[in-house]
Amino acid sequence: MQLPRHLAIIMDGNGRWAEQHGKSRSHGHIKGTRVAKKIIQKCARLGLQNLTLYAFSTENWLRPKSEVTILMKLLKKYLKKETANLIKENIRFETIGDRSQLPSDILETLEASQKATASCTGMRLVFALSYGSRQEITSAVRHIAQLIENRELKSSDISAEVFSSFLQTRTMPDPDLILRTSGEKRLSNFLLWQAAYSEFYFSNKLWPEFSEEDLLAVLQDFNLRERRFGQVRPVETHEQLNH
Ligand code: IPE
Ligand code: IPE
Ligand code: MG
C-alpha cells in the first residue's frame with residue numbers, strides 16, 4: 001500500500017460524542033485524546049513519515065475559558081505521559097501555530113517534548129496548536145515585506161516555493177491527504193495554502209469513535225485516488241488500462 005507522505009487530520013466531533021453519551025464536553029476531549037494516542041502509534045507503526053494533527057485552532061480560543069483550560073490540561077498530560085513512548089516509537093514531536101498565545105507551562109512542556117524527541121528518526125508528529133492558516137500566511141507576508149523594506153529580498157525573487165519557505169510547515173511536504181472526522185466538510189482555517197493539491201476524506205465517524213480500522217479504510221481509499229495535478233494521465237497508463 002502506497003502511504004501518503006504526509007497525512008493531516010482534523011480531529012473533530014469530541015463535543016457531539018460527549019453529548020450523545022450524556023457526558024460533559026471534557027469527557028469527549030478525554031476520549032479524543034485516547035484515540036489520538038492510538039492513531040499516532042498506528043501511523044508510526046505503518047511507517048507513515050509525517051502526521052499533522054489539528055489539536056487547537058486560533059478560533060478555539062473563543063470557546064468558554066473552562067473548555068480551553070481542560071484542552072490545555074489534557075495536552076500537557078498527554079505530553080508528560082507519552083513523551084517516553086514517542087521516543088520508544090522513534091517519533092519526532094513538533095508543533096506549528098502561534099506559540100505566543102500559549103500559557104508558559106504549556107510552552108515548557110512542548111519544548112521539553114520537542115527536545116527529548118529531536119533525534120528520533122521515524123515519523124514526524126506535528127501538533128497544530130493555536131494554529132490558523134490565515135494567521136500563518138499573514139505572518140509570512142509580514143516577514144517577506146520586512147525583508148523587502150530592508151532590501152534583503154527583491155519582489156521578483158518571490159515564487160510559490162519561496163513563499164512556502166516562509167510558512168511554519170516549510171520542512172514538510174504538503175499534505176497528500178487531509179482527513180476530517182465528524183461529517184463536517186470544511187477546512188476551518190487549516191493548511192489553506194498547503195492543501196492546494198491535497199486529497200480529502202470526510203468521515204462521518206466522530207473523533208472519539210474513530211478506530212484503527214477506520215484509518216486503514218481511509219488509507220486504502222487514498223490508494224485508489226488518481227492524482228493528476230492538472231495534467232493528463234500518461235498515455236502508457238491509458239494503454240495499460242485498455243489491455
Ligand atoms: C474537536 O472536537 C476538538 C477541538 C476542536 C479542540 P470539538 O470540540 O470541536 O467537537 P464538536 O465539533 O463540538 O462535536
Ligand atoms: C477545527 O474544529 C479545529 C480542530 C479540530 C482543532 P472546530 O470544531 O473548531 O471547527 P468548526 O468550528 O466546526 O469549523
Ligand atoms: Mg468541532
Side-chain angles (χ1 to χ4, degrees), residues 6-40 43 50-79 81-82 93-103 105-107 109-110 113 125-138 167-169 172 175 177-195 198-211 214-215 218:
H6 180 183
L7 168 66
I9 308 180
I10 304 172
M11 309 180 289
D12 196 15
N14 293 352
R16 276 162 286 171
W17 181 87
E19 200 179 326
Q20 281 176 13
H21 290 77
K23 292 180 173 160
S24 66
R25 290 182 64 84
S26 336
H27 271 89
H29 295 313
I30 292 169
K31 184 75 173 49
T33 311
R34 272 190 227 133
V35 169
K37 178 181 156 185
K38 224 173 48 190
I39 296 297
I40 290 166
C43 286
N50 299 285
L51 174 66
T52 300
L53 299 180
Y54 203 5
F56 194 88
S57 72
T58 41
E59 290 71 29
N60 288 152
W61 288 116
L62 301 172
R63 291 189 180 195
K65 196 167 175 282
S66 55
E67 183 166 346
V68 171
T69 306
I70 292 278
L71 286 165
M72 292 298 148
K73 254 198 185 149
L74 281 173
L75 170 71
K76 191 167 156 182
K77 202 169 146 203
Y78 168 83
L79 287 173
K81 235 177 103 207
E82 287 306 312
F93 172 77
E94 287 168 15
T95 68
I96 52 172
D98 182 1
R99 285 193 169 205
S100 71
Q101 302 280 322
L102 294 166
D105 60 322
I106 297 289
L107 262 181
T109 315
L110 293 179
S113 297
L125 169 66
V126 178
F127 279 10
L129 273 177
S130 185
Y131 175 83
S133 198
R134 284 188 167 176
Q135 290 78 354
E136 181 191 31
I137 291 170
T138 309
L167 296 173
Q168 292 190 310
T169 50
M172 302 180 95
L177 177 61
I178 297 181
L179 159 67
R180 183 171 188 151
T181 56
S182 88
E184 307 296 357
K185 296 173 184 70
R186 54 176 172 265
L187 279 174
S188 303
N189 204 10
F190 187 49
L191 303 177
L192 305 179
W193 167 276
Q194 297 87 340
S198 300
E199 296 293 325
F200 290 90
Y201 191 106
F202 297 105
S203 164
N204 285 325
K205 285 267 183 96
L206 300 169
W207 180 250
E209 61 195 18
F210 193 78
S211 66
D214 294 324
L215 175 73
V218 172

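Below, all heavy atoms of this structure are taken into account, side chains as well, without hydrogens, waters or symmetry copies. Each ligand, and each atom within it, is numbered from 1 in the order the structure gives.
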Measure the distance from [atom] to every protein heavy atom, then report the residue, atom name and distance (to 0.1 Å) of the closest one.
{"atom": "atom 2 (O) of ligand 1", "result": "N14 N, 3.2 Å"}
{"atom": "atom 5 (C) of ligand 2", "result": "M11 O, 3.3 Å"}
{"atom": "atom 10 (O) of ligand 1", "result": "G15 N, 2.9 Å"}
{"atom": "atom 14 (O) of ligand 2", "result": "S188 OG, 2.6 Å"}

Ligand-residue contact atoms, ligand 2 with [X], heavy atoms, under 4.0 Å:
{"X": "R186", "answer": "11 (P), 13 (O), 14 (O)"}
{"X": "R63", "answer": "7 (P), 8 (O), 9 (O)"}
{"X": "F56", "answer": "6 (C)"}
{"X": "I10", "answer": "5 (C)"}

For [Y], does its backbone N or O pair with a side-chain atom of [X] as donor and acceptor, under 3.5 Å?
{"X": "S198", "Y": "P175", "answer": "yes"}
{"X": "S57", "Y": "G132", "answer": "no"}
{"X": "E136", "Y": "Q168", "answer": "yes"}
{"X": "S130", "Y": "D98", "answer": "yes"}
{"X": "N189", "Y": "R134", "answer": "yes"}
{"X": "R180", "Y": "K185", "answer": "no"}
{"X": "E67", "Y": "P64", "answer": "no"}

- Which residue, F190, W207, Y54, forms the side-chain contact (heavy atoms from CB on, under 4.5 Å) with I9? W207

- Does a side chain donor of either H29 or S26 reach within less than 3.5 Å of an acceptor in the other side chain? no

- Test item: side-chain donor near acceptor, Q135 and Q101, under 3.5 Å: no

Hey, is ligand 1 close enough to [X] that some N/O pair sits below 3.5 Å?
{"X": "N60", "result": "no"}
{"X": "R16", "result": "yes"}
{"X": "L71", "result": "no"}

- Message: Between ligand 1 and E19, can you find any atom pair, the residue atom being a heavy atom, that is separated by under 4.0 Å?
- Response: no

- Query: Do any heavy atoms of G13 fall under 4.0 Å from ligand 1?
  - Reply: yes

- Location of contacts on F190 toward ligand 2, heavy atoms closer than 4.0 Å: neither

- Message: Applying a heavy-atom cut-off of 4.0 Å, say which part of A128 lies close to ligand 2: side chain, backbone, both or neither.
- Response: neither

- Angle class for the W61/F56 ring planes (parallel below 30°, perpendicular above 60°, tilted otherwise)? perpendicular

- Has D12 got an N, O or S atom lying less than 2.8 Å from the Mg ion (ligand 3)? yes

- So is D12 polar-close to ligand 2, meaning N/O to N/O under 3.5 Å? yes

- Of all the heavy atoms in E184, does at least one lie under 4.0 Å from an atom in ligand 2? no

- Would you please determine whether R180 falls within less than 4.0 Å of ligand 2 on a heavy-atom basis? yes

- For a side chain to side chain donor-acceptor pair (under 3.5 Å) with H6, tell me which candidate from T52, N50, T169 qualifies. T52

- Query: Can you list the atoms of ligand 1 that are under 4.0 Å from a heavy atom of A55?
  - Reply: 6 (C)

